[in-house]
Amino acid sequence: MPELPEVEVVRRGLARWVVGRRITHAEVLHPRAVRRHAAGAGDFVGRLEGTQIAAVSRRGKYLWLPLRSDDVGSIDDALVGHLGMSGQLLLQPQGSPDETHLRVRLAFDTGGRELRFVDQRTFGGLALDALVEDDSGGRIPTSVAHIARDPLDPLFDDDAFARSVRRRSSEIKRVLLDQTVASGIGNIYADEALWRSRLHGGRPADRLSRLVVLALLGHVRDVMNEALEQGGTSFDALYVNVNGESGYFDRSLSAYGQEGLPCPRCGTPIRRIAFMNRSSYFCPVCQRSARHHGAAAQDR
DNA sequence: CATAGATCCTGTATGC
DNA sequence: TGCATACAGGATCTAT
C-alpha cells in the first residue's frame, strides 16, 4: 500500500541521514528480500560493502540509492528498493532489538543509526542494479526504466498521459493503476482521485474526453500533494516514515475505506465492490457507472 | 500487442 | 477457546 506520497516521505527521511555515508556492513536475514538481485545474497552483500551513498532518488513507488564505488570512484550502480505492501525502511540505533520481520541490515562508517529493511509480507525487496540513461539525460536503474514518470515529476507529460489513457479500452481505474501509463498511483489514491473527479472506476478509458482525463490527473496531483503535506496515509503501524511514525492523511480520505459512511459531497453511503482481487470504494450517486453513459459517448 | 486474471506472502479481524 | 475464512494489495507472470 505505500503509494507515491508514502514512498516520498521515506525518501526525504532517508536523504537527510544516509547521503554521503559509506556502507561498512550489509546483512541479509531473509533471502526473499533480495530475490530481485539475480546474483544472490552473497553477491549483494559483497558489492554493497564499501560503497558510498550519493543520493536518494525515487520514481513512482521505487526508491534507489546511487552508489559511489570505493575503488573506481564513479557512480554506476544503485541500491534499488520497493516497499511492496508492507515494507519499511527504518533508521534504528545500532543494537536496538531486531524487528520481527527484519530482512536486511546496513550499517555505516559513521556509526549511530543503521538502515533496516523490515517487511512483514515480503512483497517488497532490495537489489543492486546498473544505472542507465533515461529519456532526458538523467540516470535510472535498469529495473525501473520500464515504468512511466509519476505525476509529481517535473518532466511528466500531461498530454502524452491523456493520449495514453484514451488509447486503452480498459476501465479507467485499471489504467490508473498501470505503472507504465503513470507511476505512483495505487488503490487509495486511485479511488480518491476518481471520487474527486466524480468518475466511476468502471468507465472505459477510451470513452473519456481529453479534458476529463486532464482533470482526473489534476485530482491525482492534488490528493498526492495533500497526503504528502500530512506525512502520507497510515491505517496501522505498517506504513511509517524512517522514524517509525505514521502519517495522518487517512483522516482526510473521502471514499477509500469509508464503506457505509456518508459521501462528503452528497451524503449517500459509500459503497465497496470487489475489483482486481481488492476493493474499490465509491459514491454510487456522485460517481455514475458506465451504463449511465451509454453508446452516445457524449464525453467526446 | 493489449488485456484480464492468478499468484506471491503473513498478520489481523471476524464468524461459527 | 479453537478453527476456518476473508482481507489487506503492488508487481509480475501466465493465458487468451
Side-chain angles (χ1 to χ4, degrees), chain A residues 1-8 10-11 29-38 58-64 80-89 98-104 117-127 129 140-148 150-151 163-194 201-207 220 224 227 232-240 246 249-250 253 255-260 271-281 290:
Chain A
M1 178 161 354
E3 304 179 28
L4 188 155
E6 293 73 40
V7 178
E8 175 62 15
V10 171
R11 191 199 67 77
L29 293 95
H30 195 307
R32 190 173 151 80
V34 294
R35 68 193 179 284
R36 301 284 171 213
H37 188 81
R58 181 191 57 74
R59 175 177 287 189
K61 304 166 195 170
Y62 282 91
L63 284 171
W64 67 92
V80 182
H82 196 292
L83 302 178
M85 244 185 65
S86 56
Q88 306 173 332
L89 285 166
D98 286 2
E99 292 76 6
T100 306
H101 303 293
L102 178 64
R103 309 304 190 194
V104 177
F117 179 65
V118 177
D119 190 11
Q120 176 195 98
R121 283 165 239 183
T122 68
F123 281 20
L126 303 179
D129 197 14
I140 192 166
T142 311
S143 54
V144 186
H146 69 290
I147 71 166
D150 62 66
R163 286 194 298 274
S164 175
V165 168
R166 299 183 68 228
R167 273 199 298 269
R168 298 182 182 244
S169 58
S170 300
E171 303 176 355
I172 182 60
K173 178 162 178 185
R174 185 179 270 278
V175 175
L176 282 181
L177 296 175
D178 185 338
Q179 305 296 298
T180 67
V181 177
S183 63
I185 307 169
N187 206 36
I188 298 172
Y189 297 106
D191 277 3
E192 290 300 301
L194 288 166
R203 299 272 298 277
D206 58 5
R207 297 222 284 271
V220 168
M224 283 183 168
T233 301
S234 304
F235 297 108
D236 54 42
L238 284 183
Y239 315 113
V240 295
S246 294
F249 189 69
D250 60 304
L253 295 173
Y256 185 85
Q258 309 299 303
E259 183 181 20
R271 187 175 295 170
R272 179 177 82 89
I273 58 172
F275 171 80
M276 288 173 77
N277 277 339
R278 59 203 71 182
S279 296
S280 284
Y281 298 88

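Lettering follows sequence order; numbering is per chain, from 1.
Per the geometry, CZ belonging to A:Arg272 stands 8 Å off C1' belonging to C:dC7, to the nearest Å. Nucleotide C:dT12 holds its P atom 8 Å from the NE2 atom of A:His82, rounded to whole Å. One interatomic measurement links the two molecules: CD of A:Gln258 to P of C:dA8, which rounds to 13 Å at whole-angstrom precision. As a whole-Å value, the separation of A:Tyr62 OH from C:dA11 C1' is 6 Å. Put simply, CZ on A:Arg59 is 14 Å from P on C:dA11, counting in whole angstrom units. In this structure, A:Leu4 atom CG and C:dG10 atom C1' are separated by 14 Å, rounded to whole Å. As a whole-Å value, the separation of A:Glu3 CD from C:dA8 P is 14 Å. Across the protein-nucleic acid pair, A:Leu177 atom CG and B:dT3 atom P stand 14 Å apart, rounded to whole Å.
Side chain of A:Asp191 to backbone of A:Ala255: no donor-acceptor contact under 3.5 angstrom is found. A:Gln88 contributes no side-chain N or O that, together with a main-chain N or O of A:Phe117, makes up a donor-acceptor pair within less than 3.5 Å.
For A:Ser169, a side-chain nitrogen or oxygen approaches OP1 or OP2 of B:dT3 to under 4.0 Å. Between A:Gln179 and C:dG10 there is no side-chain polar atom (N or O) within less than 4.0 angstrom of OP1 or OP2. In terms of phosphate contacts, A:Ser279 brings a side-chain nitrogen or oxygen within less than 4.0 Å of OP1 or OP2 of C:dA8. The shortest distance between the side-chain N/O atoms of A:Arg167 and the OP1/OP2 oxygens of B:dT3 is not below 4.0 Å.
Across all strands shown, B:dC1 remains unpaired; no Watson-Crick or G-U wobble contact has both distances below 3.5 Å.
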Exercise for the section: Quick one, give me the B/S/- string for nucleotides 6-11 of chain B, reading 5' to 3', where B means a protein heavy atom under 4.0 Å from the base and S means that only happens at the primed atoms, P, OP1 or OP2. Expected result: BBBBBS

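A pairwise comparison of heavy atoms in A:Phe275 and A:Glu171 identifies CE1-OE1, 3.1 Å as the closest pair. The shortest heavy-atom contact between A:Leu4 and A:Ser183 is CD1-O, 4.3 Å. Residues A:Asp119 and A:Leu83 approach most closely at OD1-O, 4.3 Å, considering heavy atoms. Heavy atoms only, all atoms of each residue included: A:Lys173 and A:Ala190 are closest at CE-CB, 4.3 Å.
Contact annotation for A:Phe275: no contact, since no heavy-atom pair falls under 4.0 Å across all strands. Nucleic acid contact for A:Arg35: none, since no nucleic acid atom lies under 4.0 Å from a heavy atom of the residue.
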Exercise for the section: Take A:Lys61 and A:Asp150 through the salt bridge (charged side-chain N to carboxylate O under 4.0 Å, His left out) test and state the conclusion after the steps. Expected result: CA-CA 9 Å; A:Lys61 304 166 195 170; A:Asp150 62 66; over 6 Å; no

Practice task
Walk me through it: do A:Arg58 and A:Leu63 pass the test side-chain contact (heavy atoms from CB on, under 4.5 Å)?
Solution key: CA-CA 4 Å; A:Arg58 181 191 57 74; A:Leu63 284 171; 4.0 Å; yes

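Closest contact between the side chain of A:Tyr281 and the listed nucleotides C:dA8, B:dT3, C:dG10 involves C:dA8. Checking C:dA8, C:dT12, B:dG5 against the side-chain heavy atoms of A:Arg174 singles out B:dG5 as nearest. The listed nucleotides are C:dC13, C:dC7, C:dG10; the one nearest the side chain of A:Arg36 is C:dC13. Between C:dA8, C:dG10, C:dT12, one nucleotide has an atom nearer to the side chain of A:His146 than all others, and that is C:dT12.
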